[in-house]
Protein chains: 2
Amino acid sequence: MSVEEIQAAQTMDRLGLLLAHHGTVAQVRVRHALGVTGFGARHAVTLMHLAESGPMGQQALIEALGVDPSVLVTVLNDLERDGLAERRRDPADRRRHIVEMTEAGAGALTRVHDALTEVERELFGDLDQDEIEHLHRLLSRVRTTPEEQACTEE
Amino acid sequence: MSVEEIQAAQTMDRLGLLLAHHGTVAQVRVRHALGVTGFGARHAVTLMHLAESGPMGQQALIEALGVDPSVLVTVLNDLERDGLAERRRDPADRRRHIVEMTEAGAGALTRVHDALTEVERELFGDLDQDEIEHLHRLLSRVRTTPEEQACTEE
DNA sequence: TATTGTTATACTCTATAACTATA
DNA sequence: TATAGTTATAGAGTATAACAATA
């Protein structure tokens, strides 16, 4: 890229930086909105997935959520401490823990959704419903999972 | 929101969470791509703004970049240590520092842009040019600046 | 020996408040 | 007293490696 091109570029012309910035702000907003119950976006996503897919092993959760094992441990510790989810050993393979959302977890999830609705209203208030859906579709197609592409280069 | 609606919702139906997640990944990717020179998205944005707007006070940079004063200090410390930018006192008001990008900074900016291009190619590789521009326009309209709306509620 | 989950640790980013120096 | 910049610190997120228990 030439010096002229660089100097002509507006700061937020770089979509990667724009996404990084807006995403970080979104994360902070979500955390504040959930603040009352003391957890963050990770906790919300985990609860949602448990509600959606039912009881499952931590390994499955790790893959579904795309988080590091050590991250999931701390999230589950928090959820369990607050009685929103429970771990129990799998009798068939005592290495595994089956994670299940509790009734209290389902109640908390309702409040989580309400908080998210509020955050989204703030973030996306300048877009109409059509634009929001379009943004959603485009964002869904951004590649954020570790790449398993064939090595075409490098 | 009813229990039925919640259980029907797919995890990533919540645009706020999707944005938060993708944005965090983008930030990590940017940091890794810039890793060779040892700085992150903040440093890139700061350099870009200095290239774009020329020498300016830290106060102006703080507003332009939307960062906390203490954040800017550490970013400028890093840039200055590596000789990419310089602070000098404003003779007219010795409280102020004027920040200016160096020649080395301009050179580094070229590499920053190349790294960003690579990151964006990975993130947005499944979108065509038209979709990328559309995503850019939509993301630009997401409200991430502190709200100064009239208090219509709460 | 491999796998599941846990612990410990280090690094980055964000945010707040207290501080120095100038005005 | 107000403003520009700095320092110190706390909190959240990410990432890695070492570890215990079980298979």
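Protein chains get the first letters and strands the later ones, always in sequence-line order, with residue 1 at the start of each.
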Pairs: protein N or O with nucleotides 1-3 of chain C N or O, under 3.5 Å:
from: C:dT3; atom 1: O4'; to: A:Arg95; atom 2: NH1; distance (Å): 3.3
from: C:dT3; atom 1: O2; to: A:Arg95; atom 2: NH1; distance (Å): 3.3

How long is the line joining [atom1] of [X] and [atom2] of [N], in whole Å?
X       : N      : atom1 : atom2 : answer
A:Glu80 : C:dT6  : CD    : P     : 8 Å
A:Leu72 : D:dT14 : CG    : P     : 13 Å
A:Leu61 : C:dG5  : CG    : P     : 9 Å
B:Leu76 : D:dT7  : CG    : C1'   : 15 Å
A:Ile62 : C:dT4  : CD1   : P     : 9 Å
A:His43 : D:dG13 : NE2   : P     : 7 Å
B:Asp90 : D:dA4  : CG    : C1'   : 11 Å
B:Gln58 : D:dT6  : CD    : C1'   : 9 Å

Practice item. Using a cut-off of strictly less than 4.0 Å, decide whether A:Arg87 has a side-chain nitrogen or oxygen near OP1 or OP2 of C:dT6. Key: yes

Practice item. Tell me yes or no: between the side chains of A:Thr74 and A:Arg42, is some donor less than 3.5 Å from an acceptor? Key: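 Judged by distance alone, the side chains do not pair up.
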
Review point. Is there a donor-acceptor contact under 3.5 Å linking the side chains of A:Asp90 and A:His97?
Key: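 Absent: no donor and acceptor within the cut-off.
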
Review point. Looking at side-chain heavy atoms only, is the closest gap between A:Arg29 and A:Glu122 below 4.5 Å?
Key: yes

Exercise for review: For B:Arg81 and B:Asp78, run salt bridge (charged side-chain N to carboxylate O under 4.0 Å, His left out): C-alpha distance rounded to whole Å, both residues' side-chain angles, the deciding distance at 0.1 Å, then the answer.
Suggested key: CA-CA 5 Å; B:Arg81 169 178 42 70; B:Asp78 293 342; 3.0 Å; yes

Exercise for review: Output, in order, the C-alpha distance, side-chain angles, deciding distance and verdict of salt bridge (charged side-chain N to carboxylate O under 4.0 Å, His left out) for B:Glu131 and A:Arg141.
Suggested key: CA-CA 10 Å; B:Glu131 291 169 324; A:Arg141 291 171 52 211; 2.9 Å; yes

**Study point:** hydrophobic_cluster_shared for A:Leu18 and A:Leu127, side chain cutoff 4.5 Å
**Key:** yes

Practice item. For the pair B:Gln58 and B:Val99, evaluate side-chain contact (heavy atoms from CB on, under 4.5 Å) and give the outcome as yes or no after the intermediate values. Key: CA-CA 7 Å; B:Gln58 291 188 201; B:Val99 186; 3.7 Å; yes

Exercise for review: For side-chain contact (heavy atoms from CB on, under 4.5 Å), just list the numbers for A:Phe39 and A:Val112, CA-CA rounded to whole Å, side-chain angles, deciding distance to a tenth of an Å, and then say yes or no.
Suggested key: CA-CA 10 Å; A:Phe39 45 58; A:Val112 164; 4.0 Å; yes

Review point. Any chance CD of B:Glu86 has more than 12 other-residue heavy atoms, nucleotides or ligands included, within less than 6.0 Å?
Key: no

Review point. Taking protein heavy atoms under 4.0 Å as touching, what does nucleotides 14-20 of chain C look like 5' to 3' if B marks base contact, S marks sugar-phosphate-only contact and - marks none?
Key: SBB----

**Study point:** Pairwise 5' ranking along DNA chain C for A:Asn77 and A:Asp93, keeping only the more 5' one
**Key:** A:Asp93

